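In what follows, every heavy atom counts, from backbone to side chain, and hydrogens, waters and symmetry copies are set aside. So you know, we letter chains A, B, ... as the sequences are listed, proteins then strands, and number each from 1. What you are looking at is a predicted structure, and each value in this text was computed from that prediction instead of being measured.
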Protein chains: 2
Amino acid sequence: MRRQTRQRAAIQRVLLAANRPLTIDEILVKTRDIVATIGIATAYRNVRRLVDDGWLAAVEIPGGPVRYERADKDHHHHFVCLTCNRVFEVPSCPTDLEQMVPDGFSLDHHEVVLYGKCSDC
Amino acid sequence: MRRQTRQRAAIQRVLLAANRPLTIDEILVKTRDIVATIGIATAYRNVRRLVDDGWLAAVEIPGGPVRYERADKDHHHHFVCLTCNRVFEVPSCPTDLEQMVPDGFSLDHHEVVLYGKCSDC
DNA sequence: TTTCTTGCAAAAGTTTTGCATCTAA
DNA sequence: TTAGATGCAAAACTTTTGCAAGAAA
């Protein structure tokens, strides 16, 4: 059975308010503004559970720790600024991925990460 | 100054012979066939150095450990078979990535990972 | 109440570092 | 010779787990 707790609700609030994928550490720090005493094990446990439940999606950006974002966002990709290291969402998508698929292979889904400089840097 | 050692040479031989990206652990096991006494710290140190020197490239496939492959390969991406979990190289590349870049941002490089079913599965 | 969840601390897993010894040049 | 590299063990991190106490329902 799934029980609603202040801790999980706080984590969900943090991720609903985030406009970019957050690391476990960022989630923990921000959640402590709401529930000051939350422990790191609880953060890990709830994030894992939210991923299992399909509420969160893990975003792995090469060269950095795993980040998490809500799973209900529209399909998108990520742009990593090489100067400030921030991760931005990119709403569009390559249109010609099928031509990349080798003969006999079938494509299910894909991930694209762009690297460069953001408009602030 | 850079000194040539049996250990680093062995690691390089292993990666020259590999036809797919290898994890640290795979590198260590295979290298021990050549230099049986190599320690894990030496494997980590040399892999890091080879990456810094631009001889190796790190390949991060979401959901798995970091893998390494020679950096001098032609530009390519990776296809992960969701059934057998093998990682294949894909020689082609999306052609319309520029249209994904937000206004004011500039693109340096990119990574694409395709997921699906390989021809064997 | 009951039983799921939390917070702490210990454990487990991974990567890095300190240091005496070894070795390539 | 001598400075860089190695191998071991300890340290530093990151993530998971055990368990007594706390809190949803």
Distance, rounded to the nearest Å, where [X] contributes [atom1] and [N] contributes [atom2]:
X: B:Asn46; N: D:dG4; atom1: CG; atom2: P; answer: 15 Å
X: A:Glu26; N: D:dT14; atom1: CD; atom2: P; answer: 13 Å
X: A:Arg32; N: C:dC8; atom1: CZ; atom2: C1'; answer: 12 Å
X: A:Asp25; N: D:dA12; atom1: CG; atom2: P; answer: 18 Å
X: A:Ile38; N: D:dG22; atom1: CD1; atom2: P; answer: 18 Å

>> Can you give me the bend angle of the helix from C:dT1-D:dA25 to C:dA25-D:dT1? Use the axis through the first five pairs and the one through the last five, nearest 10 degrees.
In response: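 The angle, to the nearest 10 degrees, is 30°.
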>> Can you give me the closest heavy-atom contact between B:Ala10 and B:Thr31, atom names plus distance?
In response: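 Looks like CB-CG2, 3.6 Å.
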>> Looking at every non-hydrogen atom in both residues, tell me the closest pair between B:Arg3 and B:Arg8 and how far apart they are.
In response: O-NH1, 2.9 Å
> How many angstroms lie between atom CD1 of B:Ile27 and atom CD of B:Gln12, to the nearest 0.5 angstrom?
Replying inline: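 Here the interatomic distance stands at 11.5 Å.
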> Want to settle it: does A:Arg8 or B:Val66 sit nearer the 5' end of DNA chain C, counting the closest nucleotide to each?
Replying inline: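 The answer here is A:Arg8.
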Just distance, no hydrogens or angles: give the donor-acceptor pairs under 3.5 Å from side chains in residues 68-82 of chain B, sequence neighbours left out.
residue: B:Glu69; atom: OE1; partner: B:His76; partner atom: NE2; Å: 3.3
residue: B:Glu69; atom: OE1; partner: B:His78; partner atom: NE2; Å: 3.2
residue: B:Glu69; atom: OE2; partner: B:His76; partner atom: NE2; Å: 3.0
residue: B:Lys73; atom: NZ; partner: B:Glu89; partner atom: OE2; Å: 2.7
residue: B:His75; atom: NE2; partner: B:His77; partner atom: NE2; Å: 3.3
residue: B:His75; atom: NE2; partner: B:His110; partner atom: NE2; Å: 3.3
residue: B:His76; atom: ND1; partner: B:Asp74; partner atom: O; Å: 2.8
residue: B:His76; atom: NE2; partner: B:His78; partner atom: NE2; Å: 3.4
residue: B:His77; atom: ND1; partner: B:Val112; partner atom: N; Å: 3.3
residue: B:His77; atom: NE2; partner: B:His110; partner atom: NE2; Å: 3.1

> How about A:Gln4: does its CD atom have over 12 heavy atoms from other parts shown lying under 6.0 Å from it?
Replying inline: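 Counting neighbours around CD of A:Gln4, 12 or fewer heavy atoms of other residues, nucleotides or ligands fall under 6.0 Å, so no.
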>> Tell me if the CZ atom of A:Arg32 is crowded by more than 12 foreign heavy atoms within 6.0 Å.
In response: yes
> Hey, is the side chain of B:Arg49 poking within less than 4.0 Å of OP1 or OP2 on D:dA5, counting only N and O atoms?
Replying inline: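 Answer yes for this pair, as a side-chain N or O of B:Arg49 is under 4.0 Å from OP1 or OP2.
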> With a 4.5 Å limit on heavy-atom distance, are the side chains of B:Leu22 and B:Arg67 in contact?
Replying inline: no
> Can you give one letter per nucleotide of nucleotides 16-25 of chain C, going 5' to 3': B for a protein heavy atom under 4.0 Å from the base, S for sugar-phosphate only, - for none?
Replying inline: BBB----BBS
>> Pair A:Arg49, A:Trp55 - check side chain to side chain contact (heavy atoms under 4.5 Å, CB included), show working.
In response: CA-CA 9 Å; A:Arg49 165 167 293 178; A:Trp55 196 88; over 6 Å; no
